[in-house]
Amino acid sequence: MADVLVVSVDVSDVAVVVRARTRSGVPAGCTGCGLLSGWCHSRYVRRLADVTLASRPVRIDLSVRRLYCENVTCPKVTFAEQIAGLTTRYQRRTPQLQRLVEDVGVVLAGRGGARILRILNIRLSRCTVLSQLMRVPLPPLETPRVLGVDDFALYGDTYGTLLVDATTRLPLTLWEGRDADQLSRWLREHPGVEVACRDGSLAYRQGIAGGAPDAVQVSDRFHLWQGLSRRVQDIASAHRGCLPAALPPADESDPAPAEEAIGNTTEDTRAARHARRLFEAVQALTRTGRSHSSVARELGLDRRTVGKYARARTWQEVMRRPPRKPSALDSYLDYLQQRWDEGQHSAKILHEELQTKGYLGHYQRVKMAVAPLRRGLPLDEPRERPPSPREAPRWITTHPHRRSLHINDRLPRLPDHCPELRVTHDLVRRFAAMLDNRDATPFPGWLNDLTKQRSGPTRGTRRSPARRPACCRPGNHHPLQLRRQRRPHHRRQAAETPDGRPRRRPTSPPPRRSDRPPPPPL
């Protein structure tokens with residue numbers, strides 16, 4: 001910077017323009033051979049962008065020299081002088097501004113980086129930020145002591161392998177595919193891995209064993225908890241019949257919905273009239289002893305539809321609808337009923353009143369909600385559904401302090417009703433305590449309890465199946481039966497390939513019959 005003379009500085013509301021020039025008598029080094037030269041060829045002006053000053057963009061108009069190279073063997077005839085700390089070859093930004101753009105791109109990437117730079121009054125597009133980010137040199141690769149290996153989906157069924165330094169949590173390299181040979185080759189080229197953290201893939205296990213046989217193979221917290229959650233979901237699916245026990249018992253003061261009430265609410269609809277006509281026609285024909293196929297041909301229906309109407313006792317059974325899903329309007333139904341009883345029958349006005357109370361839904365939903373009131377029918381109160389086989393495991397695996405009041409009220413009913421879910425809940429919480437405290441001391445006792453539950457009760461203490469729910473009888477499923485994924489379910493099924501997929505056996509041609517004459521020669 002000592003070789004630069006500032007000529008003038010223009011400050012305006014738009015930008016700050018600094019005009020400067022380099023000294024004439026100072027020699028400069030050639031960019032090709034490095035030889036100093038003071039033989040001036042000409043001058044030209046370079047316009048450089050710098051960091052903002054008082055939220056105004058700064059532009060430097062720098063007059064630099066073009067010099068002759070005095071080395072006859074140098075391929076460059078002329079070269080432009082460079083100012084250390086201010087100019088870089090083929091760069092229109094100062095090094096300070098360039099470092100700022102690179103740092104913002106590393107943290108926020110394209111769109112986010114462009115927005116932050118726009119706030120700093122630096123106008124760059126997201127593509128420019130990404131291009132500058134791609135020019136940042138990668139840090140030197142150091143073999144980590146703890147290596148993390150995992151796969152990721154590129155597109156469709158195509159997967160890639162990612163290697164991460166588990167200590168610094170920085171990516172090391174990645175490649176397409178989940179090949180054990182490529183992982184072994186990388187480990188042999190980068191010795192020094194002591195601990196390899198991986199998932200349950202067979203390919204990664206073989207690759208680590210072949211490339212770093214002395215490394216200890218472990219599973220990280222995410223994959224441990226993910227495998228446990230999948231086993232809990234399998235248990236919940238096997239005990240699907242116990243999940244409705246999580247719902248609170250119906251209030252005895254509320255009358256149970258009767259068949260006449262259902263019929264009164266749906267009798268005037270078009271679908272109800274159609275279902276009643278089909279029910280009467282099918283019942284009249286099946287009473288004469290005709291088969292379902294003949295009735296289906298006569299009425300122009302499917303045979304399964306005829307069987308459904310023939311097995312029904314009333315036409316209301318065919319019209320039975322599943323419970324309505326809860327919506328954001330459910331908490332305002334009492335207010336709608338109150339305003340309707342007071343005489344306000346305009347759905348538009350009701351929607352405006354609900355908006356003042358915090359309702360963010362559409363007007364059409366309010367209009368559909370008050371439609372039963374216009375026909376003299378009560379509002380369709382939401383009915384709570386039992387937890388699904390995917391929702392119940394989420395209740396069990398969630399930390400008790402992070403559960404909502406809704407879950408804390410309904411989850412204790414499941415272990416009280418289903419013994420297997422009670423044991424599963426106890427094992428999951430004990431395993432979670434070991435992960436949270438990072439204490440493996442109780443792990444042998446936890447494994448013993450898991451083994452006891454998998455082996456089942458002893459002969460003298462075996463309970464009668466009649467005392468237990470139908471879905472909880474022994475012989476089909478045990479709590480937390482941790483098994484390897486994609487396990488062959490048949491002895492004739494082929495083993496897995498190194499990438500974890502089932503191996504397909506080549507289909508062998510059928511045996512040739514001995515009594516068949518051989519084909520004629522060609």
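Every heavy atom of this structure was used, including side-chain atoms; hydrogens, water molecules and symmetry mates were not.
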Peer 1: Would you please say whether a donor-acceptor pair under 3.5 Å links the side chains of Gln338 and Asp334?
Peer 2: no
Peer 1: Would you check, one step at a time, whether the test salt bridge (charged side-chain N to carboxylate O under 4.0 Å, His left out) holds for Arg221 with Asp436?
Peer 2: CA-CA 10 Å; Arg221 180 191 182 99; Asp436 294 340; 2.8 Å; yes
Peer 1: Walk me through it: do Tyr309 and Val295 pass the test side-chain contact (heavy atoms from CB on, under 4.5 Å)?
Peer 2: CA-CA 11 Å; Tyr309 279 91; Val295 175; over 6 Å; no
Peer 1: Quick one: pull up CZ in Arg188 and CG in Leu183 and give me the separation to the nearest 0.5 Å.
Peer 2: 9.5 Å
Peer 1: Mind checking side chain to side chain contact (heavy atoms under 4.5 Å, CB included) for Glu391 and listing every partner two or more places apart, or none if nothing turns up?
Peer 2: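 Expected list: Pro387, Ser388, Arg394, Trp395.
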Peer 1: Please find the pair of heavy atoms, one from Leu243 and one from Ala392, that lie closest to each other, and give the distance.
Peer 2: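 So the minimum-distance heavy-atom pair works out to CD2-CB, 3.8 Å.
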Peer 1: How far apart are the C-alpha atoms of His425 and Leu421, what are their side-chain angles, what is the distance that settles it, and do they pass the side-chain contact (heavy atoms from CB on, under 4.5 Å) test?
Peer 2: CA-CA 6 Å; His425 180 268; Leu421 291 179; over 6 Å; no
Peer 1: Got a sec, which pairs hit salt bridge (Lys or Arg N to Asp or Glu O under 4.0 Å) with one end in residues 302-311, sequence neighbours left out?
Peer 2: Asp302-Arg304
Peer 1: Using side chain to side chain donor-acceptor pair (under 3.5 Å) as the criterion, list what pairs up with Asp409, not counting sequence neighbours.
Peer 2: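 Asp409 satisfies side chain to side chain donor-acceptor pair (under 3.5 Å) with no residue once adjacent residues are dropped.
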Peer 1: Taking only residues two or more places apart in sequence or in another chain, which ones pass side chain to side chain donor-acceptor pair (under 3.5 Å) with Gln283?
Peer 2: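 Once residues adjacent in sequence are excluded, Gln283 has no partner under the side chain to side chain donor-acceptor pair (under 3.5 Å) criterion.
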Peer 1: Decide yes or no for Ile396 and Leu414: does some side-chain heavy atom of the first lie under 4.5 Å from some side-chain heavy atom of the second?
Peer 2: no
Peer 1: Given side-chain contact (heavy atoms from CB on, under 4.5 Å), test Ile407 with Thr398 step by step and report yes or no.
Peer 2: CA-CA 10 Å; Ile407 298 177; Thr398 303; 5.8 Å; no
Peer 1: Testing Asp199, Asp150, Thr161, Asp151 for side-chain hydrogen bond (donor to acceptor under 3.5 Å, both in side chains) with Tyr204, which one passes?
Peer 2: Thr161
Peer 1: State, to 0.1 Å, how close Pro389 and Pro393 come at their nearest heavy-atom pair, and which atoms those are.
Peer 2: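 It is O-CD, 2.8 Å.
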Peer 1: Which residues pass the side chain to side chain contact (heavy atoms under 4.5 Å, CB included) test with Thr441, not counting sequence neighbours?
Peer 2: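 Side chain to side chain contact (heavy atoms under 4.5 Å, CB included) list for Thr441, sorted by chain: Asp439.
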Peer 1: Tell me, please, which residues at least two apart from Phe443 pass ring-ring contact (aromatic ring centres under 6.0 Å, His included).
Peer 2: Trp446
Peer 1: For a quick test of reading the model, state the closest non-hydrogen atom pair linking Ala369 to Leu336 and the distance between them.
Peer 2: CB-CD1, 4.3 Å
Peer 1: My understanding is that only residues two or more places apart in sequence, or in another chain, count here; which of them pass salt bridge (Lys or Arg N to Asp or Glu O under 4.0 Å) with Glu298?
Peer 2: Arg290
Peer 1: Quick one: which residue pairs count as a side chain to side chain donor-acceptor pair (under 3.5 Å) with a foot in residues 109-118, not counting sequence neighbours?
Peer 2: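 Side chain to side chain donor-acceptor pair (under 3.5 Å) check on residues 109-118 returns no pairs.
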Peer 1: For Leu170, does the CG atom sit with more than 12 other heavy atoms under 6.0 Å from it, leaving out its own atoms?
Peer 2: yes
Peer 1: Considering residues at least two apart in sequence or located in another chain, which fulfil the ring-ring contact (aromatic ring centres under 6.0 Å, His included) criterion with Trp340?
Peer 2: His345
Peer 1: Under a 3.5 Å cutoff, is there a donor and acceptor pairing between the side chains of Arg198 and Gln217?
Peer 2: yes
Peer 1: Rounded to the nearest 0.5 Å, what's the gap from CG on Leu354 to CG on Leu360? Could you check?
Peer 2: 11.0 Å
Peer 1: Give me the ring orientation class for Trp225 and Phe431: parallel if the planes are under 30° apart, tilted from 30 to 60°, perpendicular past 60°.
Peer 2: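 Correct class here is parallel.
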Peer 1: Could you report the tightest heavy-atom contact between Leu187 and Ile208, atom names first, then the distance?
Peer 2: CD1-CA, 3.7 Å
Peer 1: Excluding sequence neighbours, so at least two apart, what forms salt bridge (Lys or Arg N to Asp or Glu O under 4.0 Å) with Asp416?
Peer 2: none
Peer 1: Please list, chain by chain and in numerical order, all residues satisfying ring-ring contact (aromatic ring centres under 6.0 Å, His included) with Tyr359, sequence neighbours excluded.
Peer 2: Tyr332
Peer 1: Quick one: salt bridge (Lys or Arg N to Asp or Glu O under 4.0 Å) partners of Asp426, sequence neighbours excluded?
Peer 2: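 In terms of salt bridge (Lys or Arg N to Asp or Glu O under 4.0 Å), with neighbours along the sequence ignored, Asp426 is linked to Arg430.
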